[in-house]
Amino acid sequence: MPQAVVCVKPIPDPKEWDRLSLDPETGVLKRAGISTVINPLDKNALEAALQLKDRFGWTVTVVSMAPPDTQKTLREALAMGADKVLMASDRALGGAATLATAYTLAALVRKAGDADMVFCGNMSLDGSTNQVVPQLAEFLGLPHASHVVGVETEDGSTFRVTVDLKDALLTLQHSGPMVLGLTKEANDPRLVSVMGIISAQSKPLEVFSAQDLDLDPEKIGQKGSPTIVSGLFMPEIKRRREILSGEPEEVVDRLIDGLREMGVL
Amino acid sequence: MDFQLSEQHEMLRKAIREFAEKEIAPLVEKMEETGEFPLEIRQKMGAVGLCGLVTSPEYGGNGMGFLARAIGIEEVSRVCAGLGIALQVHHMCCWPLETWGTEEQKKKYLPRLASGETFGVCSITEPSGGSDPMGMQTEARLEGDYWIVNGRKCFATNSHVSDIMIIVAKTGTDPKGRPAFSAFIVEPDFEGFSLGREEKKMGFKGASSGELVFNDCKVPKENLLGKEGEGLKIALATVNRVGRPGMASIGVGICYASLEEASKFAKERVLGGKPIANLQAIQFMLADMFALAEAARILNYRANWMMDQGMNCDTEMTLAKYVATENAFQCARLACEIHGGYSCISEYAVQRFLRDAWVAIPSGGTSQIAKIVLGRHVTKNF
């Protein structure tokens with residue numbers, strides 16, 4: 001059976017984002033006590049894969065790099081209909097920026113076996129970099145498309161992929177494996193059913209260490225991340241008030257000059 | 001002692017919450033305005049698995065059990081208590097069918113109920129009252145291959161949106177000369193059956209409640225549920241073990257809906273330059289609501305957990321129902337107080353919670369009936 005591999009990231013529940021904070025020392029997000037959910041766009045990716053399962057009998061494998069306590073969240077992907085989860089979970093993977101993440105995900109995709117299609121969310125809501133999809137494709141040596149708003153196929157082998165270019169829509173026709181980054185416009189992810197929850201308990205969820213995946217220690221985690229958070233600041237938003245007085249003509253001139261100086265005009 | 005919900009139950013709550021917010025919330029306004037039941041929701045509730053929670057997989061359900069049912073009804077009722085009661089009474093039809101039904105009856109009716117193709121009814125109450133089942137007037141007599149039923153049931157939830165009904169009728173006397181009752185499965189196209197008036201209610205709007213009329217209604221002999229004379233046992237067990245925890249779950253749902261709305265409003269509403277949530281007077285009310293909601297939920301989960309373990313839990317079910325529905329009304333009232341004048345405006349959901357909570361109290365037995373049961377338990381055991 002053809003296989004779709006779906007990259008899924010557990011992220012802090014957006015409903016609890018008002019409780020999130022950044023560690024000013026390390027620049028790392030403090031997630032303790034915040035529950036995780038599947039990154040919403042990853043559900044679109046999973047839905048696209050599950051449609052291939054429904055229509056053409058594909059196998060759907062979810063891969064994820066995440067801390068071990070997010071297994072419960074990943075099991076939701078099984079409850080939605082995925083067949084198995086392969087998870088990379090290791091302290092050595094902590095602090096990974098996008099490049100190290102993509103490198104690790106690529107190892108998981110290879111571990112899953114022949115992938116006939118790789119679906120990802122276009123970006124994660126907590127990172128919003130849009131970088132992992134192209135990086136993953138490069139590691140796998142596959143073509144890719146980001147900002148995908150539609151995936152159609154008649155036969156399960158040739159795909160028409162619609163990409164949002166902001167000012168235009170681009171439709172690509174493609175056969176063979178590729179990496180797609182889906183947006184929320186791509187489909188309407190299915191809801192989890194009680195039957196799905198029950199069946200999820202007996203589906204495999206395998207956890208791998210960096211060693212299990214033969215990952216190069218120099219390319220993973222913080223070590224393998226060329227981008228670092230060099231500093232953090234809260235943008236200061238201040239209201240400035242200045243009362244101009246004088247003759248109307250003169251005041252208007254000064255107002256216009258002032259606005260020009262500030263770059264408003 | 002373990003108060004931790006299983007991973008499956010937690011996942012269920014999340015899934016049903018998402019379902020309720022996506023599929024049910026958009027229906028509420030129209031249900032409130034028209035009082036009409038949205039028929040299309042039945043199959044959606046079936047597809048997500050809500051209809052088959054207490055039905056075994058061999059009959060098309062998922063059999064996740066009573067604690068799962070409590071969570072499911074709670075989450076539905078948090079968004080719409082009207083659909084909460086429709087679902088809970090639906091289960092009151094499924095459970096006795098599986099518990100006392102013949103193999104043929106189970107195969108014929110349960111898959112349709114579990115899939116949400118239709119909703120079920122379980123009706124005992126008559127114009128003479130619901131809490132005095134011995135005073136039931138509806139009668140059935142056996143004539144050839146049919147039971148001929150005459151009488152009238154009232155306040156039957158799902159009455160006008162169901163194709164499968166369980167009713168109880170007097171079928172003779174027992175050896176001690178007391179009236180004996182039997183339960184029957186009725187379909188709306190049976191000769192002599194008709195629907196009576198559909199009630200306009202102050203709460204649970206959009207849930208169908210009305211009369212079932214039997215005028216020489218011909219019920220096939222094979223539609224007797226359980227044995228002849230077991231009707232009262234079936235009815236009371238269904239009310240105690242399914243109906244009361246169902247109402248308790250609705251109460252818990254209303255408690256948390258009230259709490260969430262009140263907290264949100266208190267944080268947004270600014271008076272004297274500060275959100276009213278900063279005021280102790282408001283915090284005290286929110287604290288009371290929290291205590292009421294948590295107490296109701298814990299009692300309800302314990303009772304339903306006991307049911308799943310096969311333990312005798314009639315008293316615990318009654319206690320949960322009494323506390324949860326009364327607490328729901330208290331929570332909704334406090335939520336209305338926090339909303340002040342806004343609680344009188346229909347755009348604010350808290351007025352709906354108050355109306356729904358009021359209707360939840362007498363449904364499945366008034367608080368006074370519950371207290372009679374609990375009082376007897378106390379004098380016997382303490």
Side-chain angles (χ1 to χ4, degrees), chain A residues 8 10-19 33-44 46-47 50-51 54 62 66-82 85 87 125 184 187-205 207, chain B residues 4-25 41 43-73 75-76 79 87 91 94 111 114-116 260 263-264 267-268 277:
Chain A
V8 169
I11 64 161
D13 189 344
K15 285 183 187 152
E16 298 178 32
W17 279 8
D18 54 347
R19 291 169 53 211
I34 311 256
S35 50
T36 58
V37 296
I38 293 176
N39 176 46
L41 297 185
D42 297 349
K43 284 193 176 179
N44 295 92
L46 186 53
E47 177 61 33
L50 292 172
Q51 286 178 13
D54 295 344
V62 164
D69 61 357
T70 59
Q71 283 188 25
K72 200 163 61 183
T73 304
L74 291 173
R75 218 169 263 288
E76 266 184 65
L78 296 173
M80 276 178 78
V85 170
M87 179 182 188
L125 282 196
K184 67 178 165 50
N187 53 38
D188 185 16
R190 66 195 63 193
L191 294 168
V192 170
S193 73
V194 179
M195 292 68 84
I197 292 170
I198 293 169
S199 67
Q201 303 305 309
S202 53
K203 291 181 181 175
L205 191 155
V207 185
Chain B
Q4 182 72 39
L5 284 180
S6 72
E7 190 178 298
Q8 276 192 339
H9 286 113
E10 279 185 27
M11 213 187 271
L12 174 83
R13 178 189 300 288
K14 212 167 166 184
I16 302 304
R17 181 166 292 199
E18 205 175 325
F19 170 80
E21 286 174 356
K22 187 176 177 195
E23 300 287 351
I24 295 178
I41 199 65
Q43 284 190 321
K44 287 183 179 177
M45 287 171 108
V48 84
L50 282 165
C51 296
L53 282 168
V54 295
T55 302
S56 302
E58 57 186 304
Y59 303 114
N62 54 66
M64 202 168 166
F66 277 79
L67 180 55
R69 174 182 184 250
I71 295 168
I73 296 174
E75 287 301 325
V76 169
V79 172
L87 179 64
H91 294 144
C94 303
S115 69
E260 285 173 36
S263 174
K264 194 173 128 204
K267 287 188 274 190
E268 286 169 1

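Just so we're on the same page: letters track the sequence lines, and every chain starts at 1. Not measured: the values here are computed from a predicted model. Atoms considered below: every heavy atom in the structure, side chains included; atoms not considered: hydrogens, waters and symmetry mates.
B:Asn62 places a side-chain N or O within 3.5 Å of a backbone atom of B:Gly49 that can act as its donor or acceptor partner. Panel note: side chain A:Lys43, backbone A:Pro189; no donor-acceptor pair is recorded below 3.5 Å.
Both the backbone and the side chain of A:Arg75 come within contact range of chain B, each with at least one heavy atom under 4.5 Å from a heavy atom of that chain. Looking at B:Ala47, the atoms closer than 4.5 Å to chain A (heavy atoms on both sides) all sit in the backbone: N, CA, C or O. For A:Glu76, the parts lying near chain B are the backbone and the side chain together; criterion is any non-hydrogen pair under 4.5 Å. Interface residue A:Ile197: backbone and side-chain heavy atoms are both found under 4.5 Å from chain B. For chain B, the nearby part of A:Asp188 is the side chain; its heavy atoms alone come within less than 4.5 Å.
Across A:Val37, A:Leu191, A:Val194, A:Thr73, the residue that shares the most heavy-atom pairs under 4.5 angstrom with chain B is A:Val194.
Proximity of B:Ile24 to B:Val76: side-chain heavy atoms (C-beta onward) are separated by under 4.5 Å at one or more points.
The side-chain hydrogen bond (donor to acceptor under 3.5 Å, both in side chains) test applied to B:Gln4 returns B:Glu10, not counting sequence neighbours.
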Salt bridge (charged side-chain N to carboxylate O under 4.0 Å, His left out) between B:Glu21 and A:Lys15, intermediate numbers included: CA-CA 14 Å; B:Glu21 286 174 356; A:Lys15 285 183 187 152; 3.7 Å; yes
